[in-house]
Amino acid sequence: MSTLTDLTLRMASGEVEVVDLTHTLDPDFPVIILPPEFGQCARFRMEEISAYDHRGPAWKWHNISMSEHTGTHFDAPSHWISGRDVPNGAVDEIPTEQLIGPVVVIDCSEGTTEDEDFELTPALIEAWEAEHGRIPANSWVLMRTDWSKRRGAAYLNMREDGPHSPGPTPEAMRLLVEERDIRGFGTETVGTDAGQGAHYTPPYPAHYILHGAGKLGLQCLANLDKLPPTGAVLIAPPLKIRNGTGSPLRVLALVEK
Ligand code: 23J
Ligand code: MN
């Protein structure tokens, strides 16, 4: 039997499950808030064009607007200054082979319940590898924190000195990008970087190191607790926005039961 026929039969029988890692686009879903001197990201908005009424008797539809970085979204290399000259670094140019591929999940959810500024470090990555094996080249690496279960103000967790949420250290990102040659890095928080990521060297190291090397980002993911540590396949194609730096998207994982 062909691989694809086998896959579709196993999906139909439930042996392969489709897990949705996406938050619903909704005006109430928080967006990143940068320091006030910078431009700001827009929330999701939806207005009715018609709803089976005088504006269109047999159809309902909406106009929508948002930022490229609203809700569950994809970061392209061109999002960051370090990636501005990366070839094919905009969402419409990324090779389609990069949009479906293997994914590993590093569970940090225990640490992040105690420490809202929890850091993913090289030591934690190496401890994960001692248990699950070396992270394969060209894999997505997702940082599970269970942050997606937070609601309201607890999600951005904004304090006087800015947001507090977990993320990777610069050394962890260098390990993943330079030594493991990952495809990209994804988080449940509003950025691939920690809330306090501006204070690292370089500032926002996940963005800086990933995108400078042509790697990809995913943020505001959900349901990472439904994924195995290894063996799932991630389907994450952004919208084909000309020169786009990112895009909201539906992120799905194929998981073998
Ligand atoms: C712009 C500046 C800083 C950050 C971000 C955007 C994001 O997290 C994003 O959505 O890419 S940290
Ligand atoms: Mn983004």
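Keep in mind it's a predicted model, so treat the numbers as computed, not measured. Every number for a ligand or one of its atoms is a count from 1 in the order of the listing.
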* Non-hydrogen atoms of Trp80 versus ligand 1: any pair closer than 4.0 Å? ->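 Yes; Trp80 lies near enough to ligand 1 that a heavy-atom distance drops under 4.0 Å.
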* Does at least one non-hydrogen atom of Asp193 fall below 4.0 angstrom from an atom of ligand 1? -> no
* Evaluation steps, side chain to side chain contact (heavy atoms under 4.5 Å, CB included), between Leu156 and His164 -> CA-CA 7 Å; Leu156 294 183; His164 287 263; over 6 Å; no
* Check the angle between the aromatic planes of His207 and Trp80 and answer parallel, tilted or perpendicular using the 30° and 60° thresholds. =>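 Tilted, since the angle between the ring planes falls between 30° and 60°.
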* Ring center gap for Tyr155 and Phe29 short of 6.0 angstrom ->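 Centroid distance Tyr155-Phe29: below 6.0 Å, so yes.
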* Can you find a pair of side-chain heavy atoms, one from Asp20 and one from Leu252, that are under 4.5 Å apart? -> yes
* Asked: Do Leu224 and Glu188 come close enough that some side-chain heavy atom pair is under 4.5 Å?
  ->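 Heavy-atom side-chain distance check passes, below 4.5 Å.
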Near [X], which atoms of ligand 1 are under 4.0 Å from a heavy atom of that residue?
X      : result
Ile32  : 4 (C), 5 (C), 7 (C), 8 (O), 12 (S)
Gly191 : 8 (O)
Asp75  : 9 (C), 11 (O)
His207 : 5 (C), 7 (C), 8 (O), 9 (C), 11 (O), 12 (S)

* Where the closest heavy atom to atom 6 (C) of ligand 1 is concerned, which of Gln219, His69, His79 has it? ->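 Nearest heavy atom to atom 6 (C) of ligand 1 lies in His79.
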Less than 4.0 angstrom from a charged side-chain N to a carboxylate O is my criterion; do [X] and [Y] meet it?
X      : Y      : value
Arg144 : Asp107 : yes
Glu48  : Lys60  : no
Lys257 : Glu17  : yes

N/O/S atom of [X] inside 2.8 Å of the Mn ion (ligand 2), strictly under:
X      : result
His69  : yes
Thr192 : no
Glu68  : no
His79  : no

* **Name of whichever N/O/S atom of Asp75 is nearest to the Mn ion (ligand 2)** =>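 Per the distance ranking, Asp75 contributes OD1 as its closest N/O/S atom to the Mn ion (ligand 2).
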* Asked: Of all the N, O or S atoms in His73, which one sits nearest to the Mn ion (ligand 2)?
  -> NE2
* Asked: At under 4.0 Å between heavy atoms, which part of Thr192 makes contact with ligand 1: side chain, backbone, both or neither?
  -> neither
* Can you tell which part of Tyr204 has a heavy atom less than 4.0 Å from ligand 1: side chain, backbone, both or neither? ->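 Just the side chain.
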* Measure from the side-chain N and O atoms of Arg45 to the backbone N and O of Ala42, and report whether any donor-acceptor pair falls under 3.5 Å. =>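 Side chain of Arg45 to backbone of Ala42, a donor-acceptor pair under 3.5 Å: no, none is there.
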* Within the side chain of Thr72, is there an N or O that forms a donor-acceptor pair under 3.5 Å with the backbone of His23? -> yes
